[in-house]
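Positions are given from 1, in the same order as the sequence printed here.
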Amino acid sequence: MFGMELIRILEGFFREVEEKDISLEQVKWELDNFIYPFIGSKIAEGSLSKEEAIELITYCERKLKELGN
């Protein structure tokens, strides 16, 4: 359930990226330094399953690829 909440937050993040025309480098930095470590910490504490984490990371990578095109 927590994974669905995070997907909504990530959707908002990527919507804001597109609206504010944030650079691809900045998005990568945010993912590497905040979002991916946050996902890892949620796995470690048990509030996020590995399957949910894979779904979240896959979503981020797909959106990142879309931004790069």
**Student:** Just wondering, do Glu18 and Lys63 contact through their side chains at under 4.5 Å, heavy atoms?
**Tutor:** yes

**Student:** Grouping I, L, V, M, F, W and Y whenever their side-chain heavy atoms are under 4.5 Å apart, do Ile7 and Ile54 come out in a common cluster?
**Tutor:** no

**Student:** Membership question, hydrophobic clusters at under 4.5 Å side-chain separation (ILVMFWY): are Phe38 and Tyr36 in the same one?
**Tutor:**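 Per the 4.5 Å side-chain linkage, Tyr36 and Phe38 are co-clustered.
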
**Student:** Hey, are Arg62 and Glu66 close enough for a salt bridge, meaning a charged N less than 4.0 Å from a carboxylate O?
**Tutor:**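 Salt bridge: yes.
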
**Student:** When rounded to the nearest 0.5 angstrom, what distance separates SG in Cys60 from CG in Leu6?
**Tutor:**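 Result: 9.5 Å between the selected atoms.
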
**Student:** Please tell me if the side chains of Leu56 and Leu48 come closer than 4.5 Å, counting only heavy atoms from C-beta onward.
**Tutor:**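 Heavy-atom side-chain distance check passes, below 4.5 Å.
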
**Student:** Quick one: do Phe14 and Leu24 end up in the same hydrophobic cluster if we chain Ile, Leu, Val, Met, Phe, Trp and Tyr together by side-chain heavy atoms under 4.5 Å apart?
**Tutor:** yes

**Student:** Evaluate the side-chain proximity of Tyr59 to Glu55: yes if any heavy-atom separation is below 4.5 Å, no if none is.
**Tutor:**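 No. Closest side-chain heavy atoms not under 4.5 Å.
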
**Student:** Quick check: is Phe34 connected to Leu67 through a chain of hydrophobic side chains (ILVMFWY, heavy atoms under 4.5 Å apart)?
**Tutor:**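 Different clusters: Leu67 never reaches Phe34 through Ile, Leu, Val, Met, Phe, Trp or Tyr contacts under 4.5 Å.
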
**Student:** Using 0.5 Å steps for rounding, measure from the CG atom of Leu31 to the CD atom of Gln26.
**Tutor:** 10.0 Å

**Student:** What is the distance from atom CD of Glu5 to atom CG of Leu10, rounded to the nearest 0.5 Å?
**Tutor:** 11.5 Å

**Student:** Please report the closest heavy-atom contact between Ile43 and Ser49, naming both atoms and the distance.
**Tutor:** CG1-O, 4.4 Å

